[in-house]
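Presented below is the structure to which this report refers.
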Amino acid sequence: CAVIHAAIDCTRQLAEEHKLRPDDIEAMDVAYTTASSDHAAIESPTDLLSMQFSTSYSLALTLIKGGNTPLEYTHESLQDGRIRDFAARVKVRAEPSLDQYFENHRPSLVKVRTRSGAQLEKFVLDAKGSPGARLSSADIDAKIRSQVAGGLGAGRCRSEEHTSEL
């Protein structure tokens with residue numbers, strides 16, 4: 001699923017820059033390197049593992065649920081009609097021009113066509129959290145909280161965080 005993270009970053013950036021909502025998007029074209037595209041092209045996942053390797057479902061979760069943590073990759077999300085409908089608008093393909101980056105990077109190029117006819121595009125060479133785009137301390141703290149808050153509860157997560165700083 002690491003291959004998908006650059007496309008998630010592209011999608012988040014486009015949504016923020018253009019104030020996009022899921023219903024604004026008519027179609028998405030997601031390009032990866034030739035070697036990576038097949039690993040992220042599951043169109044109709046049947047379980048939670050295949051959902052994590054599905055670019056279309058991952059981008060749907062990004063825009064509809066607001067995240068890509070274990071809290072979003074659930075059986076309910078897998079069956080959610082809004083997620084399935086959005087995922088059907090996402091097409092994944094290989095882009096040979098990205099192959100030049102494959103040895104040290106996992107790039108993605110995302111193109112969005114909005115319902116109003118706008119054509120938007122974003123390229124990310126290194127996904128946030130990869131060696132080429134390291135996380136800050138604040139990003140790491142936020143990631144840890146997003147991973148454990150569901151199990152511990154937000155209050156206990158903050159309490160444990162405070163205790164670990166002492």
Evaluate salt bridge (Lys or Arg N to Asp or Glu O under 4.0 Å) for E26 paired with R115, printing each intermediate quantity in order.
-> CA-CA 5 Å; E26 184 174 323; R115 294 193 189 279; 5.1 Å; no
Can Y32 and T55 be counted as having a side-chain donor-acceptor contact under 3.5 angstrom?
-> yes
Give, for atom CG of L71 and atom CG of L61, the distance between the pair rounded to the nearest 0.5 Å.
-> 11.5 Å
Under a 4.5 Å side-chain heavy-atom rule over Ile, Leu, Val, Met, Phe, Trp and Tyr, are M28 and I42 clustered together?
-> no
L109 and L120: same hydrophobic cluster, using ILVMFWY side-chain contacts below 4.5 Å?
-> no
Closest heavy-atom contact between P22 and F86?
-> O-CE1, 3.7 Å
Is there a side-chain contact between E72 and T74 (heavy atoms, below 4.5 Å)?
-> no
Taking atom NZ of K91 as the centre, report whether more than 12 heavy atoms of other residues, nucleotides or ligands fall under 6.0 Å from it.
-> yes
Looking at K122, R89, R93, which hits salt bridge (charged side-chain N to carboxylate O under 4.0 Å, His left out) with D29?
-> R93
Got a sec: does the CD of E43 have more than 12 other heavy atoms crowding it under 6.0 Å?
-> no
Just by distance, with hydrogens left out, do N68 and T62 show a side-chain donor and acceptor under 3.5 Å apart?
-> yes
Would you call Q52 and I4 a side-chain contact if the rule is heavy atoms closer than 4.5 Å?
-> no
Please examine the side chains of T114 and H18, heavy atoms only from C-beta on, and report whether any two atoms are closer than 4.5 Å.
-> no
May I ask you to test the P107-L98 pair for a side-chain heavy-atom distance under 4.5 Å?
-> yes
For residues S77 and D80, is any side-chain donor paired with an opposing acceptor at under 3.5 Å?
-> no
Do Y73 and S58 come within less than 4.5 Å of each other through their side chains, counting heavy atoms only?
-> yes
May I ask whether L59 and F123 are part of the same hydrophobic cluster, defined by side-chain heavy atoms of I, L, V, M, F, W, Y residues being less than 4.5 angstrom apart, directly or through others?
-> no
Is E103 atom CD crowded by more than 12 heavy atoms from other residues, nucleotides or ligands, each under 6.0 Å away?
-> no
Compare every heavy atom of A60 with every heavy atom of A87, then report the nearest pair and how far apart it is.
-> N-CB, 4.3 Å
Side chains of S36 and T33, donor plus acceptor under 3.5 Å = yes
Shared hydrophobic cluster, L14 / I25 (ILVMFWY, side-chain heavy atoms < 4.5 Å) | yes
Verify, without hydrogens or angle tests, whether D99 (side chain) and T34 (backbone) share a donor-acceptor contact under 3.5 angstrom.
-> yes
Do V92 and F53 sit in the same hydrophobic cluster, where Ile, Leu, Val, Met, Phe, Trp and Tyr count as joined when their side-chain heavy atoms come under 4.5 Å apart?
-> no
Tell me, yes or no, whether the heavy-atom count around R21 atom CZ, taken from other residues, nucleotides or ligands under 6.0 Å, exceeds 12.
-> no
For salt bridge (Lys or Arg N to Asp or Glu O under 4.0 Å), just list the numbers for D126 and R106, CA-CA rounded to whole Å, side-chain angles, deciding distance to a tenth of an Å, and then say yes or no.
-> CA-CA 6 Å; D126 294 301; R106 297 298 174 267; over 6 Å; no
Hey, is the main chain of Q13 close enough, under 3.5 Å, to the side chain of E16 for a donor-acceptor pair?
-> no
Any side-chain heavy atom of K128 sitting closer than 4.5 Å to one from R12?
-> no
Would you find a donor on one side and an acceptor on the other, under 3.5 Å apart, between the side chain of S56 and the backbone of V90?
-> no
Do the side chains of E121 and V112 get nearer than 4.5 Å, heavy atoms only?
-> no
